[in-house]
Amino acid sequence: MSQFWKPGSERPRLVDDGEGGVFFYSATPSSSRFGYASMEKQRQRLPVFKYRTAILYLVENHATTIIVGETGSGKTTQIPQYLKEAGWAEGGRMIACTQPRRLAVQSVASRVAEEMGVKLGEEVGYTIRFEDLTNPDLTRIKFLTDGMLLREMMDDPLLTKYSIIMVDEAHERSVSTDLLFGLLKKIQRRRPDLRLIISSATIEAKTLASFFDTSKKSHVGTDKESEPKKVPAMLSVEGRGFDVEIHYLEESVSDYLQTAVSTVLAIHDQEPAGDILVFLTGQDDIDAAVQLLTEENENHGRHASGLTIVPLYSGLPRAEQDLVFYPTPKGKRKIVISTNIAETSLTLEGVVYVVDSGFSKQRYYNPIADIENLIVAPISKASARQRAGRAGRVRSGKCYRLYTEEYYIKEMMSEGTPEMQRSNLVSCVIQLKALGIDNILGFDWPVLPSPEAIIRALEILYSLDIIDEDAKLTSPTGFQVAEIPMDPMISKMILSASSLGCTEEIITIAAVLSIQSIWVFGRGAQKELDEAKLRFAAAEGDHITYLNIYKGFLHSGKSAQWCHKNFINYQTMKKVIEIREQLKKVLQRMGVSLKSCDGDTNIVRKAVTAGFFAYACRLEAFGPSGLYKTVRSSEDVYIHPSSVLFRKVLMFSYILLSLFWA
DNA sequence: GGCTTTTGT
């Protein structure tokens, strides 16, 4: 362990905006009090209130927007309860609380229902896709995903059902959260009664506060004393996590995988009991590390005996993911080697040591080529802190960063680029249009996407006949596309299918296209997987192959065993069924009849082309590794290795999808 | 020559 040193542990800091007032609150037992100070009085002795009093004072008298800078204190679940007790959920109005993940919505909702002693689904309920556990007559506090609240805005643009909207985990800056911010700011102008509460990791709080600051210099003096201010108030809650000792490398290394493995072995050798969580970038790295450690475990029993090594990434079948939660046998030490799924989505108990490679895979959108890529990139300081924090949940822990402190201080970005700036914007633009925001460039974006990305999105929507020359939604196509909960290209494909007479087939394809992958990536079973694929492969390509798989799945009686045998992810297939059912309902509501083309693949391919013609390519050279060029911009592309057409000699001169840029 | 970080309507 001599390659590491420890300059001391990190502690969360309080936020101080210097304008709308600063609130402090500490959740540590020794000082469970907080203070408030206006700018002038900051250095004076502060009045001290209870947390509840502070929240209510802010919401009722002080500001229309409150930003809670929070470091994993768990205090945010109390806010909706305080607000309800204070009468904010009366007169037919509700309190809405968003989370970026379905699982978080469910668990937070049930925790709050339990704390309030009410039955989940009555006074406290939640709404996520495919599941609505609310009662229109009884529900006062409603938890929902950020994307769900966006959908609700399409029917009720001013969100009149709600008196207060609370957005949690705002620092993650998901596309939906950012879109919500721009829209909520707009709503506030029309609804001065609406209160926003935004909960975020402290480092992001300042940025958000300035975005929501709608006070113009000239208007400052006109605010009446009694009216809540338009300058956001900030409340800072200190976390209850245990201290984490941070260790850095003395010199940077080139091979983080090998360094991660040797660090794990060193911890196991020298440190007391406690599980180890290792953050790597993806499945390849993780499988390689698992193998290296397993070999070490078997060959050098003296150093590495007693290790239970578990990989963790989202592509893993459910049963294998669950291994992570099994209690570690006595005398053994669990090593979890994970992607950043363990950074926010899953919480592992019992972790005391974290090894942070400093890298993760990140989506990167190239608007010129209209292609989303995944690249291994350095993480931000915020991510590094989040990773380190995972070691301090049960007791004080240690985090080993596989980079130098100088690199952390001088070169690491403080925050990552918001997802909005790394994504294709077609879905965003269509949602804004559906809400009547026609001037996309004039929208108050929390982060401005590149002009190229906006232009590309408009161009694609125009080519699909979803928007017209004035960039307004077309009728009925544009409005229908906005109503279908899918990527616009997929929605257009579905609508075309209704006139071609193959909706039954196309909604199956749409469902498969809108989830990650139906295949299981068995470790070391590449051959078997390829063979399984061949059983379903259609000469026409991947879309028709999906139809074959769906048929087979139904024929098996939706059997999990059948999926296992054919290297198909059972969980994913169940999701396909759910999405397909939802699409059916949406189409029926729109008056689109469901028709089957009875296996006429030409009709199906016409519908696919109607949605995805922008990705058309021309075959340039025949052969097992044919070179294609995109029709739109003549860029070189090859067939993606995951396609059933990979390495096949093709007789068509045109092909769609499953292509990747070399 | 050989792929998929992670969410979500």
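Everything numeric in this text was worked out from a predicted model, so none of it was measured. Just so it is clear: chains get the letters A, B, ... in the order the sequence lines come, proteins before strands, and each one is counted from 1.
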A:Arg387 CZ to B:dT5 P, in whole Å, measures 13 Å

Partners passing side-chain contact (heavy atoms from CB on, under 4.5 Å) against A:Ile375 (at least two apart in sequence or in another chain) | A:Tyr364

With heavy atoms under 4.0 Å as the rule, sort A:Ser427 into base, sugar-phosphate or nothing.
-> nothing

Comparing nearest nucleotides in DNA chain B, the 5'-proximal residue of the pair A:Lys361, A:Gln431 is A:Lys361

Toward the 5' end of DNA chain B, by each residue's nearest nucleotide, A:Gln362 or A:Pro485 = A:Gln362

Value in whole Å for how far the C1' atom of B:dT9 lies from CD of A:Gln99 = 17 Å

Looking at every strand, decide which applies to A:Ile341 at a 4.0 Å heavy-atom threshold: base, sugar-phosphate, or nothing.
-> sugar-phosphate

Looking for any heavy atom pair under 4.0 Å, which part of the strands does A:Gln516 touch: base, sugar-phosphate only, or nothing?
-> base

Check the distance between B:dT9's C1' and A:Glu483's CD and give it to me in whole angstrom.
-> 12 Å

Ignoring the backbone of A:Arg363, work out which of B:dG2, B:dC3, B:dT5 is nearest its side chain.
-> B:dT5

Indicate whether OP1 or OP2 belonging to B:dT5 is found under 4.0 Å from a side-chain N or O atom of A:Ser360.
-> no

Does NZ or CZ of A:Lys381 lie under 6.0 Å from the centre of the six-membered ring of A:Tyr408, at an angle within 45° of the ring axis?
-> yes

Pair A:Arg390 + A:Glu349, salt bridge at N-O below 4.0 Å = no

What integer distance in Å separates A:Asn373:CG from B:dT4:P?
-> 9 Å

Nearest whole angstrom, please: distance from the P of B:dG8 to the OH of A:Tyr126.
-> 13 Å

Using atom CD of A:Gln106 as one end and atom P of B:dT7 as the other, report the distance to the nearest whole Å.
-> 14 Å

Determine whether any donor atom in the side chain of A:Arg129 lies under 3.5 Å from an acceptor atom in the base of B:dT9, or the reverse, and answer yes or no.
-> no

Sugar-phosphate, base or nothing in reach of A:Asp530, heavy atoms under 4.0 Å = base

In whole angstrom, give the distance that lies between atom CZ of A:Phe359 and atom C1' of B:dT6.
-> 19 Å

For residues 475-487 of chain A, which side-chain donor-acceptor pairs fall under 3.5 Å, sequence neighbours excluded?
{"unit_1": "A:Glu483", "atom_1": "OE2", "unit_2": "A:Arg589", "atom_2": "NH2", "d": "3.4"}
{"unit_1": "A:Asp487", "atom_1": "OD1", "unit_2": "A:Met489", "atom_2": "N", "d": "3.0"}

Describe the nucleic acid contact of A:Arg101 in one word from base, sugar-phosphate, nothing, applying a heavy-atom distance below 4.0 Å.
-> sugar-phosphate

Among the nucleotides B:dC3, B:dT9, B:dT6, whichever has the atom closest to the side chain of A:Tyr313 is B:dT6

Least distance between heavy atoms, A:Tyr550 atom then A:Met573 atom = CA-CE, 4.2 Å

Verify side-chain hydrogen bond (donor to acceptor under 3.5 Å, both in side chains) between A:Asp146 and A:Thr177, making sure each step is shown before the conclusion.
-> CA-CA 6 Å; A:Asp146 46 12; A:Thr177 297; 2.8 Å; yes

N/O donor-acceptor pair, side chain A:Ser517 with base B:dT4, under 3.5 angstrom | yes

With heavy atoms under 4.0 Å as the rule, sort A:Ser176 into base, sugar-phosphate or nothing.
-> nothing

Counting side-chain heavy atoms from CB outward, which of B:dT9, B:dT5, B:dG1 is closest to A:Tyr638?
-> B:dG1

Within the pair A:Ser174 and B:dT6, is there a side-chain N or O less than 4.0 Å away from OP1 or OP2?
-> no

Could you work out which one of B:dT9, B:dC3, B:dT5 sits closest to the side chain of A:Asn340?
-> B:dT5

Side-chain atoms of A:Arg102 come closest, of B:dG8, B:dT6, B:dG2, to B:dG8

Taking CG from A:Leu179 and C1' from B:dT7, how many angstroms apart are they, rounded to a whole number?
-> 15 Å

Would one find a side-chain N or O of A:His640 under 4.0 angstrom from OP1 or OP2 of B:dT4?
-> yes

